Colleague: 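Got a structure for you, written out below as structure tokens; questions coming shortly.
As the structure is a computational prediction, the values presented were derived from the model and not from experiment. Scope of the values below: all heavy atoms of this structure, side chains included, with no hydrogens, waters or symmetry mates. Numbered from 1 within each chain, the chains take letters A, B, ... in sequence-line order.
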Amino acid sequence: MTGMEEYHSSNESTFHSEEADSIVKECIESVVGNDDYSQSLVNKWTAGIVERCLTQLVKQGKPYKYIVTCAVMQKTGAGLHTANSCYWDTTMDGSSTVRWENRTMYCVVSVFAVAIA
Amino acid sequence: MDDDQTEEETAFVVDEVSKIIKESVEATIGANAYQHSRVNQWTTSVVEQCLSQLSKLGKPFKYIVTCIIMQKNGAGLQTASTCFWDNSTDGSCAVRWENKSMYCIVTVFGLAI
């Protein structure tokens, strides 16, 4: 995935990944924060993170469809790799991925924003 | 009959996409064992293959393909996704695949243009 540097000429129809990044970080912190990995809670966490991110993104009122994905993995030394590929309008659509961790788990959240015609 | 055909052409068909995903995963990692040095190449190859097969379908869709490969060593992994889109035209399909040494989760999101 490559970061997209868009000119801020048209504020309404370009995706600003820095804004999305800070929204995502804030959502992760508030849902998971300092908790330790817990199998019984992880389901609630991933659902909570994606819903919170989506609500904040939609509040921005931009003409976009959004997809938010979240993966939470326990730290046990296993290897984890993720990749994304997108077939879209490169001038208007964009994505942002945030990798976060604490002592016992990793959290990877991706936001994809697709412009509505 | 004509109506059915036009609907087929512009709908997100989960079965078709699921088949494409399974083929791409099998072709890329099939019987391989988890190898840290190659997994980067595998994830890239799986998403690129899926995407090129999907665009060959020629439907008026934008696609997002994500792939997660995780080594089997007892760790817990939970993934979730949520979408803000047009429920009548857009869709997604997730395929979970595994072999002896790794798990592979591929998700395709299709958004109608």
Side-chain angles (χ1 to χ4, degrees), chain A residues 1 37-55 57-59 62 64-90 92-95 97 104-117, chain B residues 24 34-52 54-57 59-87 89-90 92 94 101-113:
Chain A
M1 285 209 313
Y37 181 86
S38 151
Q39 201 187 347
S40 52
L41 291 175
V42 72
N43 209 356
K44 221 171 57 132
W45 288 337
T46 47
I49 290 171
V50 293
E51 280 167 24
R52 216 182 141 106
C53 284
L54 196 63
T55 318
L57 288 164
V58 170
K59 263 194 201 153
K62 298 190 175 176
Y64 278 95
K65 291 181 179 179
Y66 294 102
I67 292 167
V68 182
T69 69
C70 168
V72 173
M73 184 174 89
Q74 186 179 19
K75 277 186 173 178
T76 63
L80 176 76
H81 269 257
T82 69
N84 304 317
S85 187
C86 310
Y87 181 74
W88 58 23
D89 183 336
T90 51
M92 307 203 294
D93 305 330
S95 69
T97 302
T104 54
M105 56 184 162
Y106 295 106
C107 179
V108 181
V109 177
S110 289
V111 172
F112 300 92
V114 177
I116 297 174
Chain B
S24 304
Y34 181 88
Q35 260 176 276
H36 181 70
S37 55
R38 295 186 63 191
V39 72
N40 210 357
Q41 188 200 347
W42 287 337
T43 45
T44 311
S45 166
V46 168
V47 293
E48 279 173 7
Q49 264 199 307
C50 282
L51 203 58
S52 66
L54 288 164
S55 54
K56 273 193 197 149
L57 293 176
K59 296 191 176 182
F61 276 92
K62 291 181 176 179
Y63 294 104
I64 291 164
V65 183
T66 71
C67 169
I68 295 176
I69 293 183
M70 185 174 88
Q71 187 180 17
K72 274 186 176 180
N73 96 338
L77 173 73
Q78 181 79 18
T79 67
S81 67
T82 188
C83 312
F84 180 71
W85 60 21
D86 183 337
N87 265 333
T89 54
D90 306 330
S92 70
S101 57
M102 55 185 165
Y103 297 105
C104 179
I105 302 171
V106 178
T107 311
V108 171
F109 300 94
L111 295 102
I113 296 174

Colleague: Heavy-atom distance under 4.5 Å to chain B: side chain of A/Val68, backbone, both or neither?
Modeller: both
Colleague: Chain B heavy atoms under 4.5 Å from A/Tyr106: which part of the residue, side chain, backbone, both or neither?
Modeller: neither
Colleague: Nearest 0.5 Å, please: how far is SG in A/Cys86 from CZ in B/Phe109?
Modeller: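 These two atoms lie 10.0 Å from each other.
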Colleague: Does atom NZ of A/Lys44 have more than 12 heavy-atom neighbours, drawn from other residues, nucleotides or ligands, at distances under 6.0 Å?
Modeller: no
Colleague: Let's test your reading of the structure: which of B/Gly76, B/Cys83, B/Ser92 forms the most heavy-atom pairs below 4.5 Å with chain A?
Modeller: B/Gly76
Colleague: To the nearest 0.5 Å, what is the distance between CD1 on A/Ile49 and OG on B/Ser81?
Modeller: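 One finds 13.0 Å between CD1 of A/Ile49 and OG of B/Ser81.
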Colleague: Measuring heavy-atom distances to chain A, does B/Tyr103 have an atom under 4.5 Å in its side chain, in its backbone, in both, or in neither?
Modeller: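 Answer is neither: B/Tyr103 stays 4.5 Å or more from chain A.
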Colleague: Does any part of the side chain of A/Thr76, heavy atoms only, come nearer than 4.5 Å to the side chain of B/Asn73, both counted from C-beta?
Modeller: yes
Colleague: Where along residues 62-71 of chain B does a heavy atom come under 4.5 Å of chain A, listed by residue number?
Modeller: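 Against chain A, the residues of residues 62-71 of chain B that fall inside the cut-off (heavy atoms, under 4.5 Å) are B/Lys62, B/Tyr63, B/Ile64, B/Val65, B/Thr66, B/Cys67, B/Ile68, B/Ile69, B/Met70, B/Gln71.
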Colleague: Indicate the atoms forming the closest heavy-atom contact of A/Ala71 with B/Thr79, along with that distance.
Modeller: CB-CG2, 3.7 Å
Colleague: When you compare the side chain of A/Ile67 with that of B/Leu111, does any pair of heavy atoms fall below 4.5 Å?
Modeller: yes
Colleague: Can a salt bridge be assigned to the pair A/Lys65 and B/Asp90 using a cut-off of 4.0 Å between side-chain N and carboxylate O?
Modeller: yes
Colleague: For the atom pair SG (B/Cys50) and OH (A/Tyr87), what is the distance rounded to the nearest 0.5 Å?
Modeller: 15.0 Å
Colleague: If you take all heavy atoms of B/Ala80 and A/Ala47, which pair is closest and at what distance?
Modeller: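 Heavy atoms of B/Ala80 and A/Ala47 come nearest at CB-N, 4.2 Å.
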Colleague: Over all heavy atoms of both residues, which pair between B/Thr82 and A/Glu51 is shortest? Give the atoms and the distance, please.
Modeller: CG2-N, 4.2 Å
Colleague: If you tally heavy-atom pairs under 4.5 Å against chain B, which of A/Met105, A/Gln74, A/Gln39, A/Lys75 wins?
Modeller: A/Gln74
